[in-house]
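Quick note on labels: first sequence line is chain A, next is B, and so on, each numbered from 1. Just so you know, these numbers come straight off a predicted model, no measurement behind them.
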2 protein chains.
Amino acid sequence: MTTTPVPDDDFLRLDQQICFSLNAASRAFGSLYRVVLKDLGLTYPQYLVMLVLWEHGDLPVKKVGEHLRLDSGTLSPLLKRLETASLVRRERSALDERSVLVGLTGEGTALRERALRVPRRIAAATGFELAEIEDLRTRLDRLTGALDAAALEETPGSG
Amino acid sequence: MTTTPVPDDDFLRLDQQICFSLNAASRAFGSLYRVVLKDLGLTYPQYLVMLVLWEHGDLPVKKVGEHLRLDSGTLSPLLKRLETASLVRRERSALDERSVLVGLTGEGTALRERALRVPRRIAAATGFELAEIEDLRTRLDRLTGALDAAALEETPGSG
DNA sequence: CGTCATTTAGTTGTGCACAATTTAATTGTG
DNA sequence: CACAATTAAATTGTGCACAACTAAATGACG
């Protein structure tokens, strides 16, 4: 399992840097998206929500959160801002009054056309081959899975 | 999924997922650190600042920011919280009154002992071999470099 | 020397992430 | 049916990231 025979200092330094590298890369993406998304009037998290809606159509807040691993504490104010921007509509479900359905407005649907240009610019900015991106993505998802599993073990009460 | 067609949709989906995977991995690390750092009374960004100080000793805010790629807008309140927690001291430099030197208190120095346990737990949680972590880190740093360079081109006015 | 540009921190405002709590609706069980 | 447990959103509060701005000190240059 974790029996890798390595001195403490190496262990320490290495693991420090993987999370730091990850954090730095994530923030670098954030900066780039901020620039690219600016004339769409979207932040990066808002863009992710729009991607989910463009792909899946109307969804309850809960489902949007499952796609993005976000809870209502993050989504409620974010969706309110998207609603203020006339990109989405929110309405209580008739079948289950607890649920709030998020749907695209005409404006929100129309925005997709302009958003199509975004991914290409981002991908180009990485300078990575598609295969390499794919490979990196696979590793990252595996890492996330491992971390999630470990987090559950760290807090057995909440799992 | 083939690599032959490059319609916008494929392109879109792929690049969407690399940044999303990155974001997810970064947040998964955040969750794990939150748990592990809880009994040190540190958040993850605070932990990074402490790592810098433990490694380099007293530094002006500017230098801390360079190590972590953070500006005073983020660091000032963060350092104020660390000061409130009696982990660091801040004082104006005598040589350059613009500069504020951040230094460890006895308590801050002592905390290092307890922090030594942290990296091991994190590294173990990834379940990755060291070589694999190293490889991933290299790729991420390369990605960050490419994104930074691209960001500069996107905003030529600031470069 | 005086003036202006630069540098360093700090402040303000916006938005996201997340924990904890609240409210309301639904479901399960006796 | 009544009532406890569960579920979905929203709210509250804390902290981080970042842009834009301010204030104060320093440096450059005529």
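Separating the CG atom of A:L101 from the P atom of D:dA10 is a distance of 11 Å, rounded to the nearest angstrom. The distance between atom CZ of A:F29 and atom P of D:dA17, rounded to the nearest whole Å, is 18 Å. Atom-to-atom, CG of A:L75 to C1' of C:dA19 comes out at 15 Å; the value is rounded to the nearest Å. The nearest whole Å value for the distance from the CG atom in B:N23 to the C1' atom in C:dC18 is 13 Å. Between A:Y33 atom OH and D:dA19 atom C1' the separation is 21 Å, expressed in whole Å. Atom C1' of nucleotide D:dG15 and atom CZ of B:R27 are separated by 16 Å, given to the nearest angstrom. Here the P atom of nucleotide D:dG27 and the CD atom of B:E97 are 12 Å apart, to the nearest Å. Following rounding to the nearest Å, B:E91 (CD) and C:dT8 (C1') show an atom-to-atom distance of 16 Å.
Taking a cutoff of 4.0 Å between a charged side-chain nitrogen and a carboxylate oxygen, B:R89 and B:D58 do not qualify as a salt bridge. Checked for salt-bridge contact, A:E83 and A:R90 meet the test: a charged N lies under 4.0 Å from a carboxylate O. Between B:R142 and A:E132 a salt bridge is recorded (basic side-chain N to carboxylate O distance below 4.0 Å). Between B:D148 and B:R69 a salt bridge is recorded (basic side-chain N to carboxylate O distance below 4.0 Å).
Proximity note for B:R98 (side chain, C-beta onward) versus C:dT7, D:dA17, C:dA19: the nearest is C:dT7. In this structure, of C:dG10, D:dA25, D:dA8, it is C:dG10 that holds the atom nearest to the side chain of B:R90. The side chain of A:Q46 sits closest to C:dG15 out of C:dG15, D:dC18, C:dA9. Side chain of A:V100, nearest nucleotide from D:dA10, D:dA8, C:dT8: D:dA10. Of the candidates D:dC18, C:dT11, C:dT8, the closest approach to any side-chain atom of B:K80 belongs to C:dT11. Picking from C:dA17, D:dA9, C:dA9 the nucleotide with the shortest atom distance to the side chain of A:R92 gives D:dA9. Minimum atom distance to the side chain of B:D71 is reached by D:dC18, of the listed D:dA9, C:dT8, D:dC18. Listed candidates were C:dA17, C:dA19, D:dT11. Nearest to the side chain of B:R34 is C:dA19. Picking from C:dC18, D:dA9, C:dA9 the nucleotide with the shortest atom distance to the side chain of B:S76 gives C:dA9. Ranking D:dC18, C:dA9, C:dA25 by closeness to the B:L70 side chain, first place goes to D:dC18.
Ranked by how close their nearest DNA chain C nucleotide is to the 5' end, A:R69 and A:L95 are led by A:R69. Nucleotides of DNA chain C nearest to A:L78 and A:D96 differ in position, and the one nearer the 5' end is that of A:L78.
Judged by Watson-Crick or G-U wobble contacts below 3.5 Å, the nucleotide C:dG30 has D:dC1 as its partner.
Taking only side-chain nitrogens and oxygens, A:S99 comes nearer than 4.0 Å to OP1 or OP2 of D:dA9.
When each of A:I122, A:I133, A:L130 is paired with B:I18, the side-chain contact (heavy atoms from CB on, under 4.5 Å) condition holds for A:I133 and for no other.
At the heavy-atom level, A:P60 lies under 4.0 Å from the strands shown only through sugar-phosphate atoms. Residue contacts shown for B:T74 include a base, since a base heavy atom lies under 4.0 Å away.
The base of D:dA10 is paired with the side chain of A:S72 by a donor and an acceptor separated by under 3.5 Å.
From B:Q46, atom CD reaches atom CG of B:L79 across 9.5 Å, with rounding to the nearest 0.5 Å.
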